[in-house]
There are 2 protein chains.
Amino acid sequence: MRLEEAAEKLKEGIRSRSLMVLVGLMEVFYEGRASSSLGEGERLLIIKQDGSVLVHRPTGYEPVNWQPPGSMIDVAVRDNELVIEARRLSPEEILRITVKKVYSLETYRLEDSAEFAMYATEEEMKRAILLEPSLIEEGFKPIEDERRAGRAGFVDIFGVDSSGNIVVIEIKRRNATSEDVKQLVSYVREIEGELGRRPRMILVAPGIQKSASKMLAAHGVEFRCLSPRKCHEILRRGRGLDEFLG
Amino acid sequence: MRLEEAAEKLKEGIRSRSLMVLVGLMEVFYEGRASSSLGEGERLLIIKQDGSVLVHRPTGYEPVNWQPPGSMIDVAVRDNELVIEARRLSPEEILRITVKKVYSLETYRLEDSAEFAMYATEEEMKRAILLEPSLIEEGFKPIEDERRAGRAGFVDIFGVDSSGNIVVIEIKRRNATSEDVKQLVSYVREIEGELGRRPRMILVAPGIQKSASKMLAAHGVEFRCLSPRKCHEILRRGRGLDEFLG
DNA sequence: CCTTCCGTTAGGCTC
DNA sequence: GAGCCTAGCGGAAGG
């Protein structure tokens, strides 16, 4: 591909915040917190939709040079070289990639809104509690999961405690917010109508925001600290590694 | 691209130790030192010539999942899904990528034998001081570098000042922390036992955190401001520009 | 904003 | 191989 053509494509991709993958012969210079230089070689250059820039050699896990998200990227053709400069302020850093030959250059607009779940999803946290109900408290017995709470939605776990009280559990894989407290209360309000008495409400999460923790007492909501990581260990213990390796 | 076709191309690329870049719709699971799952989304999958595997989302500097060099990679088509598994032993880890759609898949054999040169590292700061000891103070004379400080580790530079006092220097390329002050003190405590008297302690860094600067006087530690960039310039001056640019 | 701490840290070095 | 330390660490959480 001609360098001028590549330059235009790159400029357009940067303008439209696209992901670009360029394979070619290039040199790389970096100056900022440290400085580095890397002579001619065939490499993979990735420019992401948020302005991240990565230069990868044919081997190794790490990029040899990079610029974090938010850098300003300039593209120009000078002296028969395609020069890509990614600048960043604070700290002031510049990454200059001098491309001599372009073997391929592709542009993509990718959609990726999936949630990255480290250790366990909310669903897996629920399974860990169903497998080991004492995570909530001694004597807790789950009865249903995903019980309908009127028009308000679904309750994660529905059960009884050792004294026969009904218990409604809401699970979050991240720190609980005041919104979560309100949601649990509104679910229980629906159920209360059906049952004629107010169940215990327990919010389960790895932590809770200060503002949310202040609301707990006023709404009669209890909090149990439980992390995705702990749930993962419980599930792993419960079923062994086989599921993954078989 | 059809999944069967992509699978064949991937297998051939792995066999021939090529670099492959796949863009498509995929799910990712990882289990090993930790565990993670990531639902469907459009991503960039890179398989390198040495068996490194990287999964990049459309934004962010870091791969969302990966496998370091040397992993065993299996490819198969099952239930209309292209399943790529990268396994590694010690630690036992598995990365499973389930590709639903392949937008593009390219294979490359890249040649990159250039040497990567990094400047203004801590090592270079030390060399700059050894080359120009007056950076510390007039009359300073380095005696040893990397002197062993008992069980505590190594001291960066060991020398004497114009009055014959022993001087111990600790270098940091980033702002000095209270941890650095403590480390220097603990090194010197070891040396003190050997020498029978307390040397001067000088912490060299481009800056110092407020909390650390408060500790200096109490521990008798001195601070010299010196940036990696300045050291880089001194070395460049010392040996001429040629080595860097030629 | 700054500081502190953690990571599937990775990677390099020594023992 | 295990242990220790550094990094253009990056990133998150807390002040």
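Below, all heavy atoms of this structure are taken into account, side chains as well, without hydrogens, waters or symmetry copies. Here is the naming used below: chain letters follow the sequence lines, and residue numbers restart at 1 for every chain.
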If we ignore angles and hydrogens, is there a donor and acceptor under 3.5 Å between the side chains of A/K182 and A/H219?
no
Indicate whether OP1 or OP2 belonging to C/dA10 is found under 4.0 Å from a side-chain N or O atom of B/R33.
yes
Counting any heavy atom closer than 4.0 Å, what does A/E93 reach on the DNA or RNA strands: base, sugar-phosphate only, or nothing?
base
Examine D/dC9: is either OP1 or OP2 under 4.0 Å from a nitrogen or oxygen in the side chain of A/W66? Give yes or no.
no
Could you measure between the two C1' atoms, the one in D/dC5 and the one in D/dC9, and give it in whole Å?
13 Å
Just wondering, do B/Y61 and D/dG10 stack (centres under 5.5 Å, planes under 30°)?
no
Would you state whether a donor and an acceptor, one from the side chain of A/E31 and one from the base of D/dG8, lie under 3.5 Å apart?
no
Taking the same atom, P, in C/dT4 and in C/dT8, what whole-Å distance lies between them?
22 Å
Main-chain N/O of A/V64 paired with A/R57 side-chain donor or acceptor, under 3.5 Å:
no
Kindly say whether B/V188 contributes a backbone atom to a donor-acceptor pair with the side chain of B/R198 at under 3.5 angstrom?
no
Measure from CZ on A/R88 to C1' on D/dG8 and round the result to the nearest Å.
8 Å
With a 4.0 Å limit, can you tell me whether A/K210 has a side-chain N or O closer than that to the phosphate oxygens OP1/OP2 of D/dG14?
no
Euclidean distance, atom CD of residue A/E62 to atom P of D/dG8 [Å, nearest integer]
9 Å
